[in-house]
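Read the structure below first, then the notes.
Residue numbers count from 1 along this sequence. On a predicted model such as this, the values are computed, not experimentally measured, just so you know.
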Amino acid sequence: MPLDQDIDTSKQIVSMLKKYGNYLPVSKGDIFISTFWKTAYIAQRLSLWQSQEFNQPIKPIIYLIQDFEPSFYPWSSQYSLACSTYEYPHPMIGVFNTKLLQDYFHLQNYRFAYEYSFEPYLNKVLLDNLKKLKGTPKERTILIYGRPSTSRNAFGILLESLRIWQKQFLEAKQWKILSAGESYPDIPISDNLVIESLGKLSLEDYAQTLAKAAIGISFMISPHPSYPPLEMAHFGIKVITNGFENKDLSSWHDNIISIPFALFSPESIANQLTILCQKFTEDPNRGWSGQSYLDHYLLDKPPFLFIKDIYEILQTYNA
C-alpha cells in the first residue's frame, strides 16, 4: 500500500521505509513501531508532530532493538544518528532481542522508560527435526556460518583461521568444510580442501546438515548472541564462537567454546579447531551428550509474554 493512500479501516499497518509515496497519513491514535534505527529516527519525529498537531501527550514509541546498531558503521554521520535514537528524551518502550543485549545497553548507559526482552527459541521446524535426528552419526564435517558481505560475522578471520588450521593439522584433508548462510563461490583452502558454499538452506536441509556435522564455527562481533551457535550446539555440534563484552555463550551450552575477545585471532581459532578435530577421533558422537543450560530453548512456547503489558502502557496514553 502506498504511504499516501488513506484507507477507511479501523486498523492497518504501514511501513515507513517504502520507496514510493510522498506523504504518510497520521491520526491521533497511531502507534509507531521501530525495527531498525532508521525507522526509529523517523518515528521519533512523527510522534512529536503527532503530539503537536492533535494537542495530546507524546505517545511512547515501541523500539524493537535487535543489536547495537551504531556499530554497524565506522564513526560517521550514520553512527551518530543511530546513537541519537537511543537518547530520545521522550517515552520509549524498548523490546530487546535477548536479555544479554539489554544488559549491554545498560553497560553503555542507555535505558528506556519501559523495557522488555525476549529470548531465542529453537525454530519449530528445527525442533521437530531435532527430535527425529538426535543421535545421527557425526561425520568429518566442519559447518561454518559464512556471510562474507556482513562485517560483524568476521568472515576474513574465519577464512584465515582455516588456512592456518589446514597447514598445522596433517589430517585436514580428511575433513569437509560446508558453509551455510550466504551464497558465494566455493573457496579453495588448499589443493585438497575447499569451502563448499551451500547458501541459504531450507529448514529441513539445514536440520539434516546440522545433524551430520561434527564441528561448527560461527562468529558475531556484537553483543547479540546470534542464533547459529545455539542451533549448532543443540544439534550435537562442537561450536567455536567469540566472546564480546558481556557475552560468553560457553555458559549457555557444553558444546560451545567461546574464545575471549582479547584472544580472538586466526591462530587461536585454528588451534582450537585442531583440538576439536583430534578429539573427534576419540568419540565422534560426543557432541550429542552436551548439556544445554537454556531451560526454555527447546520449549514450544510463545516468547512475547509481555505484549499485554505493552498494550496496557499504550492505553494509559490514550485515556
Side-chain angles (χ1 to χ4, degrees), residues 119-146 153-154 158 161-162 165-166 168-181 189 193 195-196 198 201-220 225-243 247-260 264 268-299:
E119 298 303 321
Y121 286 74
L122 185 62
N123 176 278
K124 179 66 165 58
V125 175
L126 293 180
L127 179 59
D128 291 343
N129 275 275
L130 175 59
K131 294 173 182 176
K132 294 184 293 184
L133 297 170
K134 190 167 185 179
T136 298
K138 292 293 184 180
E139 301 174 356
R140 282 185 168 81
T141 298
I142 299 168
L143 179 63
I144 67 174
Y145 184 48
N153 292 123
L158 195 160
S161 68
L162 290 173
W165 163 78
Q166 66 86 24
Q168 70 183 28
F169 184 53
L170 297 179
E171 298 177 7
K173 61 183 179 181
Q174 298 179 11
W175 287 75
K176 178 168 58 176
I177 304 175
L178 302 178
S179 174
I189 298 298
L193 195 61
I195 297 177
E196 181 183 345
L198 303 178
L201 297 168
S202 69
L203 288 172
E204 289 77 10
D205 288 343
Y206 182 42
Q208 292 285 343
T209 304
L210 289 170
K212 295 176 182 178
I215 298 173
I217 306 177
S218 180
F219 301 141
M220 175 68 105
S226 86
Y227 298 146
L230 303 178
E231 294 161 351
M232 292 177 180
H234 285 81
F235 268 81
I237 295 176
K238 305 298 285 189
V239 189
I240 302 172
T241 189
N242 63 281
K247 178 173 72 174
D248 179 3
L249 299 187
S250 64
S251 64
W252 290 24
H253 200 290
D254 283 342
N255 285 343
I256 299 178
I257 297 99
S258 180
I259 297 177
F264 186 58
S268 62
I269 297 161
N271 291 338
Q272 186 61 65
L273 181 57
T274 298
I275 293 171
L276 290 180
C277 290
Q278 292 169 338
K279 288 184 176 180
F280 174 84
T281 304
E282 302 169 8
D283 183 2
N285 294 310
R286 69 194 184 100
W288 283 120
S289 60
Q291 182 178 352
S292 173
Y293 300 103
L294 300 177
D295 295 336
H296 66 277
Y297 187 70
L298 299 180
L299 300 178

- Considering all heavy atoms, the nearest S161-A270 contact: O-CB, 3.4 Å
- Query: If you round to the nearest 0.5 Å, how far is CD1 of I144 from CZ of F219?
  - Reply: 9.5 Å
- Does I240 reach the side chain of M232, with side-chain heavy atoms less than 4.5 Å apart? no
- CD1/I256 to OG/S292 distance, rounded to the nearest 0.5 angstrom? 8.0 Å
- Item | Parallel, tilted or perpendicular, as decided by the 30° and 60° cut-offs, for the rings of Y121 and H296 | perpendicular
- Taking C-beta and beyond as the side chain, do I257 and L276 meet within less than 4.5 Å on heavy atoms? yes
- Task: Could you tell me whether the side chain of W165 reaches within less than 4.5 Å of the side chain of I217, counting heavy atoms only?
- Result: no
- Message: Is any side-chain heavy atom of E196 closer than 4.5 Å to one of L178?
- Response: yes
- Message: Please give me the minimum heavy-atom distance between P229 and P225, naming the atom from each residue.
- Response: CG-O, 4.2 Å
- Note on the structure: Between the CD1 atom in I259 and the OG atom in S250, the distance rounded to the nearest 0.5 Å is 11.0 Å
- Item | Audit row: L143, F235, side chain to side chain contact (heavy atoms under 4.5 Å, CB included) steps and yes/no | CA-CA 12 Å; L143 179 63; F235 268 81; over 6 Å; no
- Item | CG on L127 to NE2 on H234, rounded to 0.5 Å | 10.0 Å
- Message: Donor-acceptor pair, distance only, cut-off 3.5 Å: does the side chain of K238 make one with the backbone of K279?
- Response: no
- Query: Rounded to the nearest 0.5 Å, how far apart are CG of N255 and CD1 of I215?
  - Reply: 11.0 Å
- Task: Begin from the C-alpha positions of H253 and L230 and carry the test side chain to side chain contact (heavy atoms under 4.5 Å, CB included) through to its verdict.
- Result: CA-CA 8 Å; H253 200 290; L230 303 178; 5.9 Å; no
- Note on the structure: What one should report as the nearest heavy-atom pair of S258 and G243 is OG-N, 3.3 Å
- Go through the steps to decide whether L158 and I269 satisfy the test side chain to side chain contact (heavy atoms under 4.5 Å, CB included), and finish with yes or no. CA-CA 8 Å; L158 195 160; I269 297 161; over 6 Å; no
- Query: Minimum heavy-atom separation for Y227 to P120, with atom names?
  - Reply: CE2-CB, 3.5 Å
- Query: What closest approach, in Å, do W288 and G135 show between heavy atoms, and which atom pair accounts for it?
  - Reply: CE2-N, 3.2 Å
- Message: Taking NZ in K138 as the centre, count heavy atoms belonging to other residues, nucleotides or ligands within less than 6.0 Å. Is the count above 12?
- Response: yes
- Message: Any side-chain to backbone donor/acceptor pair from N242 onto M220? Under 3.5 Å, distance only.
- Response: yes
- Message: Please evaluate residues T136 and K212 with respect to the criterion side chain to side chain contact (heavy atoms under 4.5 Å, CB included), reporting the C-alpha separation (whole Å), side-chain torsions for both, the decisive distance (0.1 Å), and the verdict.
- Response: CA-CA 6 Å; T136 298; K212 295 176 182 178; 4.2 Å; yes
- Query: Are K124 and D128 close enough for a salt bridge, meaning some N to O gap below 4.0 Å?
  - Reply: yes
- Note on the structure: In short, N285 meets P137 closest at the heavy-atom pair OD1-CA, 3.5 Å
- Does some side-chain heavy atom of L273 sit less than 4.5 Å from a side-chain heavy atom of F169? no
- Task: To the nearest 0.5 Å, tell me how far L193 CG sits from L162 CG.
- Result: 7.5 Å
- Side-chain donor-acceptor pair present, N271, Q168, cut-off under 3.5 Å: yes
- Task: Please examine the side chains of L130 and L298, heavy atoms only from C-beta on, and report whether any two atoms are closer than 4.5 Å.
- Result: yes
- Query: With a 6.0 Å cut-off on ring centres, are F280 and W175 close enough?
  - Reply: yes
- Is there a donor-acceptor contact under 3.5 Å from the side chain of D254 to the main chain of G290? no
